[in-house]
Amino acid sequence: MSSSHEIPAIDIRDLRVDYEHFTAVHDLTLKVPAGEVFGLVGPNGAGKTSTFKVLASLMQPTYGEVILSGVDVLEDKEAARRVIGYMPDLAPVPRDLKCGEFLRFYARAHGLGNAKQCAERADECLEEVALTDHKNHWCHKLSRGQTQRLVLAKTMLHSPKVLILDEPASGLDPLARRELRSTLRKLASQGATIFISSHILTELAEMCTSICVMSRGKLLASGTVDQVRQQLGDDSRSITVVPLHVLTTVPDWIQQFNGVADARIDSGSISLDFLGDDEAQANLLEEMLRRGLRVRSFTEKRSSYEEILIGVAERSRLS
Amino acid sequence: MNHPPICRAWELWKNPIFLRYCRSRLRPTAVSVACLLTVMIAGFMFQMIRTISENRVDLSESDVERTPLIPLLILQSVILFVLGTAQASGGMTAERDEGVIDYQRLLPMTPAAKVLGYLFGLPIREYVMFAFTLPFVIWGIWFGNVPSHTWLSLYGVMASTTILYHLTGLLTGTIVKNRRWAFLTSIGLIFALYTVIPQAAKFGLVFFKYLTITPTFEESVRYLTPSNIGDTWETGRRLLSQAKFFNLDFSEAVFTYFSQSCLIITFFVMLCRRWKDADAHLLGKIWAVGFYAWVQILLLGNALPLIDSGKLFPTQQFSRFSYMMRGKSWEPSSWETIAMILVYGLLSLLFLWVLSGIITPNFGTQINGWRRANKFGRKRLPRLADESNSTGFVLLMGIIGGAGWFTFTHMLIESRWFPGHFALPSLAGFFILAMITCALLHQMLLEAKGGRAVFLSIIFLLVLPLMVASILMGASDRLAPLAVWIGGISPLSLPALCAANHLTITELPLNISRAIPGAYIFWQAVYLITVISLTKTLWRTRKSTKELV
């Protein structure tokens with residue numbers, strides 16, 4: 001018998017979603033191990049929301065298989081819905097319920113016990129998202145950030161094994177984002193697998209243990225952030241060396257050093273396009289010091305996640 | 001993974017959706033205001049009518065107590081049928097418009113439990129308001145000595161009618177996407193289904209009357225009014241129609257349950273399908289054909305037994321007394337017979353178009369079906385799946401509709417009222433041909449070009465020619481033959497031309513009756529050729545789609 005850790009929490013096989021002549025998701029295959037915080041990144045129209053909707057059992061794909069915690073979503077929706085927590089983009093709330101009532105309703109609908117147990121669980125979740133004071137407030141009168149947190153609380157109510165969060169951080173202030181990160185980490189540490197999409201890529205990189213990049217319905221790369229960077233062919237870094245004494249030309253040995261793609265003098269500093277790995281970079285600095293070049297500053301700059309994504313989107317558009 | 005269900009469909013008291021609406025719609029402030037208003041109105045009506053009856057009219061004690069019953073019944077109908085239905089439709093639309101419907105889709109409950117939760121939860125305040133009118137009604141029933149079979153059947157039918165109307169509201173709230181249109185459509189649909197379409201009962205389609213509470217109410221009036229009025233009413237009512245289904249006699253209440261139940265079950269199935277899969281067709285193909293056949297059986301079963309007695313004919317009901325006063329015996333006129341035949345044909349065709357619209361897949365659904373089939377190495381689409389084309393099923397419905405229409409016509413024309421006139425069985429082919437031509441034309445246009453093309457065709461091919469023909473017909477007798485030809489452009493006039501051409505009882509002006517055969521043959525041929533050509537085009541498109549994906 002295999003342990004639950006051997007079964008991927010999210011197992012997507014050959015998933016395809018079509019809208020008449022437009023293919024939103026193109027034969028996507030993806031496995032996410034249990035306990036991961038997994039990010040889905042991609043420009044608009046990449047197929048993120050369609051993928052999420054299929055995962056959440058809200059949409060019938062053209063074909064494919066989606067297995068969440070061992071439950072086939074397309075075959076047994078009712079069972080799948082017990083293991084899924086789904087938070088849509090622009091999380092809506094009803095106008096006719098108060099926050100406490102809203103959570104108690106879903107607690108009851110997920111069969112979390114009698115009225116008292118449901119109320120207790122609702123209170124716990126409100127506390128998790130720091131909305132205890134708003135228990136008796138109307139849902140629709142909350143601010144955008146508070147609404148997001150309330151819906152996150154609703155999503156967590158039945159302690160789902162897989163949380164599918166579509167842009168959960170949008171509308172949150174920096175403090176709330178930090179709280180969201182810690183809440184997600186806590187949930188992941190408790191064994192939940194979190195599948196999350198966001199346009200704020202730096203934040204996603206901070207939150208996620210691994211990510212995947214989609215564009216035009218196709219999976220371009222997946223793995224840790226660094227692996228994805230490598231897979232997308234954007235592993236270059238630029239290095240700026242500020243010597244103590246102004247140089248007019250770049251020494252030949254620097255230009256010929258292993259990993260240096262290009263070197264030039266820029267306002268008295270040496271600007272390098274470096275393709276080598278971390279080891280090669282350390283060797284370069286060591287060589288500079290050995291050769292007596294007095295270095296006032298040695299700065300590395302890698303392309304930002306936004307730049308990577310813009311590159312992906314551009315390449316995808318051109319192709 | 002077998003989990004016990006959160007609640008079984010019938011366990012309403014455990015249904016979270018029902019309880020959620022009990023919470024939100026029964027807040028003390030709102031519900032107390034609603035109940036106070038209800039009690040005020042009901043109490044005012046009850047006391048005012050009783051006081052007047054007691055002091056100004058010479059009535060027995062029990063008759064006095066009966067007098068407020070009908071006004072109270074009207075108040076109850078307004079609460080349940082109007083306010084309740086608006087709430088069912090508006091509440092469902094609001095759920096979708098606010099976006100929270102996806103949360104409900106994700107609840108681990110069966111579709112049936114969800115539908116029942118909404119059905120009884122959304123109008124819960126109206127049920128409470130209704131409950132507050134009951135003490136006055138119970139007083140009237142008790143002290144007015146209303147027999148138990150009367151109020152039981154009346155309130156039983158009121159319950160089934162309420163469920164039917166609320167299901168209609170839920171359905172329109174579920175399927176119409178735009179919030180404003182959803183509200184207007186639900187009001188329009190309910191108005192049409194339960195007030196306009198039942199008028200077809202006056203043209204021989206008695207079944208439609210049983211979608212409302214009216215027949216049972218009419219049957220109960222005798223005991224809901226003072227005895228002198230009740231007796232007069234009953235005498236008049238006995239002269240009119242009564243519930244018959246082929247050779248079986250039913251009470252009005254039983255037949256109302258019988259008629260409403262098929263619609264209630266069908267609407268329930270539609271809602272469950274949509275809760276199961278938001279993109280699913282409202283009905284499966286087999287269900288649609290079965291439903292259509294069942295409605296045809298109900299229409300015929302109701303209408304045919306009333307032919308010989310003449311109770312089917314509108315003029316018998318409207319002018320029986322004027323004939324009696326003039327000392328003449330009543331006889332049906334040929335124009336009303338033709339009108340009844342046309343109404344039957346047209347309603348059968350319109351209903352067929354609605355069902356065809358429900359089961360015909362759009363291009364996107366079909367292409368996705370082929371992609372799925374290709375992926376799994378299948379050579380054809382599953383015959384009954386939503387993505388599979390509906391031509392065969394529409395053809396079958398066309399045959400059923402044509403056969404039903406012909407049976408109605410045959411029984412009417414060959415009845416004792418029209419000696420010397422015949423509608424020979426050989427004519428059935430023409431009736432069926434007209435019906436399937438119109439049915440397939442709609443289905444193929446929908447499949448090939450989509451809903452927008454059908455909408456434009458309805459305006460420019462269906463309605464406009466009839467408008468022009470009507471103007472020409474009214475302008476001059478000389479232009480009447482031209483009007484027949486132009487009216488023939490509309491596929492809706494094909495059943496009319498078919499009936500007018502083949503039946504001998506038509507008494508049309510000479511210039512019109514001369515134009516009809518030519519117009520009928522020409523337009524029947526044109527539409528048949530169009531259908532054949534569309535069939536070929538669609539067949540090729542389906543083949544290329546299959547190869548394309």
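Below, chains carry the letters A, B, ... as their sequence lines are ordered, and counting in each starts from 1.
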query = So which of A:R16, A:H158, A:Q60, A:K77 has the biggest tally of heavy-atom pairs under 4.5 Å with chain B?
reply = A:R16
ask   = Parallel, tilted or perpendicular for A:H134 and A:H137, by the 30°/60° rule?
value = perpendicular
Between [X] and chain B, which part of the residue has a heavy atom less than 4.5 Å away: side chain, backbone, both or neither?
X: A:P61; value: backbone
X: A:R104; value: side chain
X: A:Y19; value: neither
X: A:V17; value: neither
X: A:A80; value: neither

Which atoms of [X] approach chain A - backbone, side chain, both or neither, heavy atom under 4.5 Å:
X: B:T110; value: both
X: B:R105; value: both
X: B:L107; value: both
X: B:L106; value: both
X: B:R27; value: side chain
X: B:Y103; value: both

inquiry  = side chain to side chain donor-acceptor pair (under 3.5 Å), that's the test. Do B:T537 and B:R542 meet it? Break it down for me.
reply    = CA-CA 9 Å; B:T537 314; B:R542 283 173 196 156; over 6 Å; no
Give a yes-or-no answer on whether the side chains of [X] and [Y] include a donor-acceptor pair shorter than 3.5 Å.
X: B:T174; Y: B:R96; answer: no
X: B:R383; Y: B:S388; answer: yes
X: B:S24; Y: A:E101; answer: no
X: B:Q104; Y: B:E95; answer: yes

ask   = Checking ring-ring contact (aromatic ring centres under 6.0 Å, His included) for the pair B:W275/B:Y118: CA distance, chi angles, key distance, verdict?
value = CA-CA 12 Å; B:W275 274 104; B:Y118 277 110; 5.4 Å; yes
query = Where do B:M92 and B:L122 come nearest, in terms of heavy atoms and distance?
reply = N-CD1, 3.8 Å
